[in-house]
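First comes the structure, then the notes that go with it.
Remember, it's a predicted structure, so these values are computed and weren't measured experimentally.
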Amino acid sequence: MARGRKASPVLVIQIAKSPWEKARDVEIDFDKSEEDKLQKVYNPKERTLSAAAKGTLNYSELDVVFARSTSYDSMDKYFREFKRDSLARQCTILKAGWTTKEGFKTELDWVNPATKGGNLATFNPIKDYVDNTNRIVDLDGILRNAVIFMQVSGIATYYILEEDDDVKALIELEPWNMTPRLNEDGTLKSWKYTGVKIEFELEGYESNELPPECIFYITNSAVLNEHVGLSDIEPIIETLASRRYLLQEAIQESAKSLWAPSGFLSFDTGKQKEAQAKTTIATIIDNTTLSPGRLYGINQDLKFTQVNISPDLQKLVAAKDDLDREIIGNFEVPAALLSRSTQAGGLSIGSEEAKTTAKMFINGPIADMQKRVGRQVEARWYDFLIRKFMVKTKTLKEGQAPPIKLKHIWNPNSISEEHESEPEAKSVPPPATETNEEKNARMLKASVDIEVSKAKKELYAELLKGIRDLR
């Protein structure tokens, strides 16, 4: 069967043997003539083929890279919008980059404040073990991708791969395939791995079910305590669809109408019969492809009446700008940092205005994201590693709570260190003795300093209002 034939329906399914093995995306190219058979062997919900497919259908399997796939219908609806919308992707990645770009460090502390005063240095081997494990699994990179998935799907999930009782890797699992199973009191019982055709079973658990200790996860705004968070894509999914329509259809068609006018072409077909007249009309229309600078000769009396159906491009562009602002505001990202500022000239990188905007961004949405991520890393990753090390070294019994904890400390962003708030203008105290000329000069300088300080305050207030409007 020919590869890539346009008439053939194409599906993308996922194949994997275990949850810690990366799912393999396979593009299935079917014969068009066998499309009716497809319905009997294909499960659209799980994107899988039954065992009877090989004997029923004539198809070829083409391995594809998920990141390069354009089979959007088979993708998770939120990941699909993140993948194909340039602005949503830029906002998401920029926010993840600013959250994690300076790295982090860990710090020992007592679980019980009453214990303070003891010797924390005796627990340094635990800190070294956790820091080394962080390097092995590349926690820096994991957290950057986790912040992206948190915003897109509301949750980032990783399988904790262990060998010889040591953690070797954190394997990224598609979060839309993870379903939490809860106990009656709302605590996490297990994770159900769905959406991919795999079969595995662990002792004490159902098929394709994983115990909580196998999974490290971080949620985004988990307000319902269901161990899954809220997607930042969800509130703007219709906005993204409208933006895509404007970019892919409305504006493109409008641009085409600027150089290719529409209208009616009329001419006399004489005494030709209806069938012959239709053929003549079709022939003339098919061959009427005009190009600038060329001459055309015809032996028919033609008349062209142009119909003005050109849409208002300015209104379309304005509508797109409104949609852009809605998307940017949803992610709480300043337009200036996206190089999409609508102000005259924008905000140049390195200017005081850009630094002020960045500082407000860091101290607002980024600080909030860092706090939420840090607390979950401490509770679900560091605590897991501390218990593992102490049980392994027989300094803690199974089920006991460790006396110490590790705090996740984000390194400060460089811009927040460089840009300090402007000092208030202060009047210069008069010297013990001064002439009238010196007094006038001093008072003039003081008044200028006050005006400059006032102007800076007004600029800062204007920038603050702009950021609030975006939110």
Side-chain angles (χ1 to χ4, degrees), residues 82 87-107 134 139-152 154 156 218-222 229-233 235-236 324-343 345-378 407-424 453 456-471:
F82 160 76
L87 184 54
R89 191 195 297 191
Q90 187 182 12
C91 288
T92 306
I93 292 177
L94 184 140
K95 200 168 179 180
W98 278 76
T99 300
T100 62
K101 73 185 184 74
E102 300 296 342
F104 63 90
K105 61 184 178 182
T106 60
E107 185 178 289
N134 287 345
L139 194 63
D140 262 321
I142 290 289
L143 291 182
R144 181 181 182 276
N145 288 341
V147 175
I148 292 174
F149 272 111
M150 287 167 59
Q151 296 174 85
V152 174
I218 307 177
T219 59
N220 180 45
S221 303
L230 301 177
S231 166
D232 288 340
I233 298 285
I236 55 168
D324 286 357
R325 283 191 290 272
E326 174 70 18
I327 294 166
I328 293 170
N330 177 72
F331 287 102
E332 301 181 292
V333 175
L337 300 183
L338 295 166
S339 301
R340 293 173 185 260
S341 175
T342 56
Q343 299 177 10
L347 294 177
S348 58
I349 298 300
S351 67
E352 288 301 313
E353 292 89 347
K355 286 183 181 179
T356 303
T357 303
K359 184 177 180 181
M360 295 163 65
F361 180 51
I362 290 166
N363 293 337
I366 296 303
D368 177 61
M369 179 68 79
Q370 288 180 331
K371 182 178 179 181
R372 285 185 282 137
V373 172
R375 294 296 178 267
Q376 294 181 74
V377 170
E378 291 170 3
K407 294 195 292 186
H408 187 87
I409 311 294
W410 295 100
N411 295 328
N413 281 279
S414 56
I415 289 183
S416 64
E417 291 175 338
E418 292 170 5
H419 185 69
E420 300 296 335
S421 58
E422 295 292 336
E424 292 286 339
S453 178
K456 288 183 177 180
K457 281 184 177 179
E458 290 173 355
L459 174 62
Y460 186 84
E462 185 178 343
L463 286 169
L464 182 62
K465 182 179 181 299
I467 298 297
R468 284 174 178 165
D469 289 343
L470 282 176
R471 293 182 186 177

Taking the side chain as everything from C-beta on, heavy atoms only, tell me whether Leu94 gets closer than 4.5 Å to Phe361.
yes

When you compare the side chain of Thr100 with that of Asp140, does any pair of heavy atoms fall below 4.5 Å?
no

Can you tell me how far NE2 of His408 sits from CD of Glu378, rounded to the nearest 0.5 angstrom?
7.5 Å

Considering only heavy atoms from C-beta outward, does the side chain of Phe331 approach that of Ile236 to under 4.5 Å?
yes

Sequence neighbours excluded, which residues qualify as side-chain contact (heavy atoms from CB on, under 4.5 Å) partners of Thr99?
Val147, Ile366, Met369, Gln370

Phe82/Thr92 under side-chain contact (heavy atoms from CB on, under 4.5 Å): CA gap, chis, key distance, verdict:
CA-CA 8 Å; Phe82 160 76; Thr92 306; 3.9 Å; yes

Leu338 vs Ile328, side-chain contact (heavy atoms from CB on, under 4.5 Å): CA-CA, chis, key distance, verdict:
CA-CA 9 Å; Leu338 295 166; Ile328 293 170; 3.7 Å; yes

Give the C-alpha distance, both sets of side-chain angles, the deciding distance and a yes or no for side-chain contact (heavy atoms from CB on, under 4.5 Å) between Met360 and Thr357.
CA-CA 5 Å; Met360 295 163 65; Thr357 303; 5.6 Å; no

d(Asn363 CG, Lys359 NZ) to nearest 0.5 Å is 6.5 Å

Just wondering, do Trp410 and Leu143 contact through their side chains at under 4.5 Å, heavy atoms?
yes

Going by heavy atoms in the side chains, are Ile218 and Phe149 under 4.5 Å from each other?
no

Write down the atom of Glu107, the atom of Ile409, and the distance for their closest heavy-atom approach.
CB-CG1, 4.1 Å

After noting the C-alpha distance and the side-chain angles of Trp98 and Val333, does the key distance pass the side-chain contact (heavy atoms from CB on, under 4.5 Å) rule?
CA-CA 10 Å; Trp98 278 76; Val333 175; over 6 Å; no

Side-chain heavy atoms of Thr106 within contact of Lys407, under 4.5 Å:
no

Under a 4.0 Å N-O cut-off, is there an ion pair linking Asp368 with Arg372?
yes

Do the side chains of Asp232 and Met150 get nearer than 4.5 Å, heavy atoms only?
no

Using a 4.5 Å cut-off on heavy atoms from C-beta on, say whether the side chain of Gln151 contacts that of Ile233.
no

